[in-house]
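One structure is given here, and the rest of the page talks about it.
Bear in mind that the values here come from a model prediction, so they are computed numbers and not experimental data.
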Amino acid sequence: MSTRIGIGYSQNRDSRLAGQEAAKAALVKLEGRRPSLILMFATAGHDQAALLSSVRSATGEAPLSGCSAEGVITQSGSDEGSHAVAVMAIASGEIGFRTLGARGLSSDSRRCGRELAAGVERSEKNQLLLLFPDGLMVQSAELFAGLASALPGPIPVVGGGSGEMMRFQRTYQYHDGELLSDGVAGLLIEGDFETEIEVSHGCEVVGTERTVTRAKGGCVFEIDGRPAWSVIKEYLEDDAEDLDALAVSYACVAERLAPEAQGEYGPYVIRVPLRLDKSTGALFFPGELRQGAKIYMARRDPERIRRSAVRSAERLAARRAGQTPLAMLHFDCTGRGRLLFGERTSVDSIAPMQRAFGEELPWLGFHTYGEIAPVLGRLHYHNYTVVLCAIYGRDAR
C-alpha cells in the first residue's frame with residue numbers, strides 16, 4: 001500500500017473554521033483513505049484549544065502532533081500572520097506513527113526526555129524522532145541527556161521549539177487531543193522510509209573571543225567575569241534596557257565547536273537568549289551555554305543566510321539525484337523570517353530552497369524558537385538556523 005500525503009492550509013481568523021478548512025484540504029489528497037497521522041502547526045493568534053478541537057473532529061482518532069509557531073511554512077511559502085494553520089495528513093501502510101508527550105519541561109527537562117524515550121521501542125526498522133518542546137522553557141542539554149539515557153539505540157532527531165508572536169509569554173504543544181504548555185510533543189516515525197537531513201545558519205562572528213565564566217541550567221550569569229546582559233547589550237542598538245523581540249533578533253552568540261564536531265556545518269553553533277533577569281543580568285539560553293564555553297557575538301547577514309540555505313537544499317537534493325522525497329519537513333528560526341527579510345521571506349528564503357525539489361513536493365514546517373538537529377551525529381539545539389529533513393520511501397532508490 002503506497003504512502004499518500006496531503007497538505008492543507010488556512011488563513012481564516014475563525015479558529016474552528018480554520019481547523020476544518022486546513023484539515024479537510026489535507027484529507028482530500030488521501031483519496032478516501034483513513035489518515036495514519038496528522039501533523040499541524042499554527043500561529044498564536046488562534047484560540048489554540050478551539051483550533052485543535054476542530055482539526056481533531058475532522059480527522060478522527062488519527063495520531064496528532066505539532067505545536068504553536070511564530071509562522072507556518074508550506075509550498076505556498078512563509079506565513080507569519082496572526083491566524084495561519086497548516087496541516088499534513090499521511091496515510092501509509094509502510095510507515096507507522098506514535099505520538100509522545102511530557103509535561104513540566106521547565107522544572108525537569110531531563111525527566112521529560114526520559115518519558116519520551118520510554119515510548120520508543122527497539123526496532124529493526126528505520127526510525128525518526130520529531131521533537132516540539134516549549135521554546136521558552138526547554139533546557140535542551142537536559143532534555144537531550146534524558147533522551148540519550150533511555151532511548152534503545154541511536155535514532156535521528158529533528159524538530160523545533162514551539163513559538164508564538166514574539167511576546168515570549170506562552171507557547172503550546174499538540175499531543176493527540178491534548179493541548180500542552182511547558183511541555184514537549186514528540187512523534188516517532190517507524191517503517192520503510194529513509195531520511196536525509198541538512199542544517200545551516202549563515203551567520204558570521206564579530207568581535208573578540210569571550211568566555212562564559214558562570215553558567216548553570218541554561219542561565220548564563222557572567223561572561224568574562226561581567227554580568228552577561230552587560231556584555232550582550234553592548235552589541236544591541238539604542239542601548240537596550242530589556243530583552244524584547246528586537247533585542248532578541250540581534251542578541252546572537254556563536255559557540256565554537258571542537259574541530260572534530262564541525263564537518264561541512266562549520267565551526268560555530270548559534271545560540272540566542274530568550275529571557276533576562278534584570279536583577280542579576282543573567283540570560284536564559286534554551287540552547288544552553290556551559291561554563292567555560294568559548295563564544296563570539298555573531299551577525300545575521302541576509303544574503304549570506306540566503307546563499308547558505310540554498311546550498312544546503314541543493315546538497316540535500318544532490319544526495320539522491322533523480323529521486324523525489326515523500327515529504328519535506330522544514331524548521332526555520334523566527335529570526336530568519338520577516339524580522340530579517342521583511343515581506344520577502346518567501347521569495348528570498350523559502351522559494352529558493354523549494355526549487356531544488358520542485359513545486360509538487362508536500363512541504364510542511366514552521367518558524368521556531370529554536371531548531372533541533374544533529375551535526376556529525378551529535379544532537380544540538382540551534383538558533384538562527386534552518387533544518388531540512390527529507391523523507392524518502394524505501395523504494396526511492
Query raised in the report: In terms of hydrophobic clustering (I, L, V, M, F, W, Y; side-chain heavy atoms under 4.5 Å; direct or indirect links), are L52 and V184 co-clustered?
Result: no
Report task. Take Y172 and E164 through the test side-chain hydrogen bond (donor to acceptor under 3.5 Å, both in side chains) and record every step on the way to the result. Result -> CA-CA 8 Å; Y172 299 89; E164 27 82 291; over 6 Å; no
Query raised in the report: Would E121 and S123 count as a side-chain hydrogen bond (donor to acceptor under 3.5 Å, both in side chains) if you check the C-alpha gap in whole Å, the side-chain angles of each, and the deciding distance to 0.1 Å?
Result: CA-CA 6 Å; E121 299 176 355; S123 175; over 6 Å; no
Query - Separation of S308 OG from R336 CZ (nearest 0.5 Å) - result: 7.0 Å
Query raised in the report: Distance from F341 atom CZ to E303 atom CD, nearest 0.5 Å?
Result: 8.0 Å
Query - By side-chain contact (heavy atoms from CB on, under 4.5 Å) - contacts of N12 (at least two apart) - result: S10, D14, L17, A18, E21
**Report entry** Check: D244 main-chain N/O paired with D242 side-chain donor or acceptor under 3.5 Å
**Finding:** no
Query raised in the report: Should the pair E255-R271 be classified as a salt bridge under the 4.0 Å nitrogen-to-oxygen rule?
Result: yes
Query raised in the report: What's the spacing between L364 CG and F331 CZ if we round to 0.5 Å?
Result: 8.0 Å
Query raised in the report: Could you give the distance from CZ (R275) to SG (C219), rounded to the nearest 0.5 Å?
Result: 7.0 Å
Query raised in the report: Between the main-chain N or O of Y384 and the side-chain N or O of R300, is there a donor-acceptor pair closer than 3.5 Å?
Result: no
Report task. Enter the distance from D332:CG to S349:OG here, rounded to the nearest 0.5 Å. Result -> 5.5 Å
Requested in this report: Answer yes or no: is there an ion pair linking E234 with R226, defined by an N-O contact shorter than 4.0 Å?
Outcome: yes
Query raised in the report: Ion pair present between E178 and R103, side-chain N to carboxylate O less than 4.0 angstrom?
Result: yes
Requested in this report: May I ask whether L326 and L130 are part of the same hydrophobic cluster, defined by side-chain heavy atoms of I, L, V, M, F, W, Y residues being less than 4.5 angstrom apart, directly or through others?
Outcome: yes
Report task. Flag the pair F144 / Y381 as yes when at least one side-chain heavy-atom distance between them is below 4.5 Å, and no otherwise. Result -> yes
**Report entry** Nearest-0.5 Å distance, CD1 of residue I95 to CD1 of residue I90
**Finding:** 7.0 Å
Report summary line: Correct closest heavy-atom pair for L274 and Y369 would be CD1-O, 4.1 Å
**Report entry** Pairing of D348 and R306 as salt bridge, 4.0 angstrom limit
**Finding:** no
